Protein chains: 2
Amino acid sequence: MPTIIDIAKKAGVSFKTVSRVLNEEVNVRPATRQKVLDAAKILNYRTNTAARNLRSKRPKVIALLINNPSQSYTQSVQLGALLGCQKHGLYLSLHTKYDKKTIASLASNAETIGFILTPPISDNEKVLETLSNLRKPFVRLGTEHSKAIGTSICIDDRQAAYKITEYLIGLGHKHIGFIKGHVDYQTTTHRLLGYQEALEANGLIITNKLITQGDFSYASGLVSTERLLSLTKKPTAIFASNDEMAAGALAAAYKKGLRVPDSLSIVGFDDSPIAMAVYPQLTTVRQSLSDMIEKAVEILAKLQTDNKNQIVILDHALVLRDSTGPALDT
Amino acid sequence: MPTIIDIAKKAGVSFKTVSRVLNEEVNVRPATRQKVLDAAKILNYRTNTAARNLRSKRPKVIALLINNPSQSYTQSVQLGALLGCQKHGLYLSLHTKYDKKTIASLASNAETIGFILTPPISDNEKVLETLSNLRKPFVRLGTEHSKAIGTSICIDDRQAAYKITEYLIGLGHKHIGFIKGHVDYQTTTHRLLGYQEALEANGLIITNKLITQGDFSYASGLVSTERLLSLTKKPTAIFASNDEMAAGALAAAYKKGLRVPDSLSIVGFDDSPIAMAVYPQLTTVRQSLSDMIEKAVEILAKLQTDNKNQIVILDHALVLRDSTGPALDT
DNA sequence: AGAACAATTGACAACGTTGTCATCATTACT
DNA sequence: AGTAATGATGACAACGTTGTCAATTGTTCT
């Protein structure tokens, strides 16, 4: 493996200058920088993180605050965080408690770079206030809260919900039930908005009877769907705000003897592992949790004092599988 | 943080001797070793992996071969492997291809310590043969194959299946359906054996009609259960060889209008995330995948030439949740 | 006892990077 | 134009460990 000394020789500068370029320090002439970067590229240089961590006195720990009942969510996030940390030579410390004391003690540790908050903690006012006072950087996942504290990373939940609703409308569905997520989550609001806007834009009426309250759990999806299917004017499609509730909706449909997607279409949201583990496999919205968290780690890793309070919006995609089909004629 | 030099001062030896003790090298007098270990304990020493990795020329990469359709399985394993690697200062390289060429190229890399094989690759004869010839150590997960090649790590699937079957029998169930797993997996055989032995030991007859072939997928659990429930002599309980099939079984029960656990008890196996995401939550067998894989990493990390071909059997536990209840009187 | 050998321990370099400080080049100011 | 301030670069030490090899101690054999 090439070292910065090899690069230095090739570029005709001192190895310290190479180090400066690679660490994006100021006070390097653009021409010099370019020479170094070219040489690094040719030699296919990769930082030796062991050496860097040994010598560097920079903080290297990222504190991940996570408290989500869904184990698969927790796992995905943890995996992404770990991969991100590995990439940037950082260490991860994982926490499920987020009281003032815990956060303060983490923040006072000189090793700690900053925090990553996952929903619903991302929108917890107390935590946000505590962190703001402590002057440690933090990144909030899955929220685009207007209040500009810290950096936020999310997808455009509203647009995604809009698109998947429009997809159902395109299949001929006119009565589309909606199962809301847990009230503590900001995504709950945005997904509902997207659904409502899509109906409106396509000349359909928004009926409150077709909108039920869930909490992101399988059981709530089951119960909500039972309620929706007992309406006199039954929906021909159901939009569950996440995949677990969609799985519950599937079970409720089976219970009623409705075939999916023949008699009822069901869509979820997230493209979590459950979406493929279920029969029929769910049409859903893919958001890459691991991308999200890797981005969060990257932001903290490359933190400069100037780039605070941005909002990063990542891509999403409709995933069409087997749980959706044309609406039945009524 | 204390260094080996601090320990050396406290123990009155040279820092090189401390290094030797901590690396479990030979040729250290027992008394010296003890002095060093005591000093290390008092100072609460922790190895600086950055420094170690920088200087050490030992290989540091573990190749993980994984090809499992279940995303949640893949995630758990990857997470455990990453945590294990972090703990031992190693790097993980992940592979879903396992043809001869891929394996050979990984093995020829001097950086590679060894391989971890996950089911069903753990029992793939071709792979095992290739690896044996390449003389790189490997650890096989989820198998206790009698053929003693490489180290194997597993739980006692047979005993676990026995116990959960006996639990059902204890609830009064006399007709217990069984859904087999995918044929490529060795666990499939052992879980079936445990089921059969429990029936036999409790004076129940083993009926082939009550045993159906699945493949670990939700869909196969659904179909198998439908078949079992259409028998003239219906089972009052169903033992699915994993949680995904148990989830499918739940859906089939709903479809038939059977309440779980009132009219039908269902048990799964693995205690995967799905077991809690489903309603009612599944009674199942917990096996800690992450423990399993961490152990695998540890074995490779501390590899000595002498301890090959062992079989490590980890603990399991019955997890009683809401999908099981007393048998209906017939 | 003395020689030969093995076991045990230590001195010191080296890994590839960042931190500190010194030096040289350039710009800004009087 | 001369001086001060700033920008750009370099020389070298240092991080905490392992690798190499030499020095010391203990053991075995003649």
Side-chain angles (χ1 to χ4, degrees), chain A residues 1-37 39-40 43-61 87-91 110-111 113 301-304, chain B residues 1-37 39-40 43-61 87-91 110-111 113 301-304:
Chain A
M1 287 290 278
T3 73
I4 60 174
I5 298 183
D6 300 324
I7 299 179
K9 278 180 194 151
K10 192 164 194 86
V13 296
S14 80
F15 69 89
K16 178 68 227 197
T17 300
V18 175
S19 169
R20 267 191 270 263
V21 171
L22 295 176
N23 286 286
E24 297 175 20
E25 286 177 28
V26 291
N27 291 347
V28 177
R29 215 177 305 177
T32 313
R33 174 185 305 279
Q34 198 52 52
K35 267 194 302 184
V36 170
L37 289 177
L43 294 176
N44 189 28
Y45 171 79
R46 296 210 41 186
T47 311
N48 181 327
T49 53
R52 164 177 298 183
N53 280 340
L54 174 59
R55 186 62 172 106
S56 162
K57 274 163 185 156
R58 292 181 222 164
K60 336 181 213 308
V61 175
K87 190 190 271 178
H88 295 280
L90 305 174
Y91 301 100
E111 293 260 87
I113 300 179
K302 296 192 174 171
L303 200 67
Q304 311 293 342
Chain B
M1 286 291 278
T3 72
I4 61 174
I5 299 182
D6 300 323
I7 299 179
K9 278 180 196 154
K10 192 162 195 86
V13 297
S14 80
F15 70 89
K16 179 67 228 196
T17 300
V18 175
S19 169
R20 267 190 270 263
V21 171
L22 295 176
N23 287 286
E24 296 175 20
E25 286 177 27
V26 291
N27 292 346
V28 178
R29 214 175 305 176
T32 314
R33 173 185 306 279
Q34 199 52 52
K35 268 195 300 184
V36 170
L37 288 177
L43 294 176
N44 189 27
Y45 171 79
R46 297 209 39 186
T47 311
N48 182 325
T49 53
R52 163 176 297 180
N53 280 340
L54 174 59
R55 186 60 171 109
S56 162
K57 273 163 186 157
R58 292 181 221 164
K60 336 182 215 308
V61 176
K87 190 190 272 179
H88 295 280
L90 305 174
Y91 301 99
E111 292 261 271
I113 300 179
K302 298 191 175 174
L303 200 68
Q304 311 292 343

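Keep in mind that this is a model prediction, so the values were computed, not measured. Below, chains carry the letters A, B, ... as their sequence lines are ordered, and counting in each starts from 1.
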Rounded to the nearest 0.5 Å, the CG atom of A:Asn27 sits from the OG1 atom of A:Thr17 at a distance of 11.5 Å
OP1 or OP2 of D:dT18 sitting under 4.0 Å from any side-chain N/O of B:Arg52?
-> yes
So, the side chain of B:Ser56 versus the backbone of B:Arg58: is there a donor-acceptor pair under 3.5 Å, distance only?
-> yes
For A:Ser56 and C:dT18, is the shortest distance between a side-chain N/O and OP1 or OP2 below 4.0 Å?
-> no
Separation of atom CZ in B:Phe15 from atom C1' in D:dT20, rounded to whole Å | 12 Å
Knowing that exactly one of A:Ile113, A:Val61, A:Thr49, A:Asn53 qualifies, which makes a side-chain contact (heavy atoms from CB on, under 4.5 Å) with A:Leu90?
-> A:Ile113
Can a side chain N or O of B:Ser19 be found less than 4.0 Å away from OP1 or OP2 on D:dT17?
-> no
Atom-pair distance (CZ on A:Arg58; C1' on D:dA14), nearest Å = 16 Å
Rounded to the nearest Å, what distance is computed from the NZ atom of residue B:Lys60 to the P atom of nucleotide C:dC15?
-> 13 Å
Side-chain N,O (A:Arg29) to OP1/OP2 (D:dA8) below 4.0 Å = no
A:Asn23 CG - D:dA8 P separation (whole Å) | 17 Å
Looking only at side-chain N and O atoms, does B:Thr17 come under 4.0 Å of OP1 or OP2 in C:dG10?
-> yes
Return the nearest nucleotide to the side chain of B:Thr32; candidates are C:dT9, C:dT17, D:dT9.
-> C:dT9
Round to a whole Å and report the spacing from CG of B:Asn27 to P of D:dT24.
-> 19 Å
Do the side chain of B:Asn23 and the main chain of B:Glu25 share a donor and acceptor less than 3.5 angstrom apart?
-> no
Check: C:dG19 base within 3.5 Å donor-acceptor of A:Lys57 side chain = no
From CG of B:Leu22 across to C1' of D:dT18 the rounded distance in Å is 12 Å
Distance below 4.0 Å between B:Thr47 side-chain N/O and D:dT17 OP1 or OP2 | no
How long is the gap from CG on B:Asp6 to OH on B:Tyr45, to the nearest 0.5 Å?
-> 10.0 Å
Length of the line joining A:Arg20:CZ and D:dT9:P, which is rounded to integer Å = 8 Å
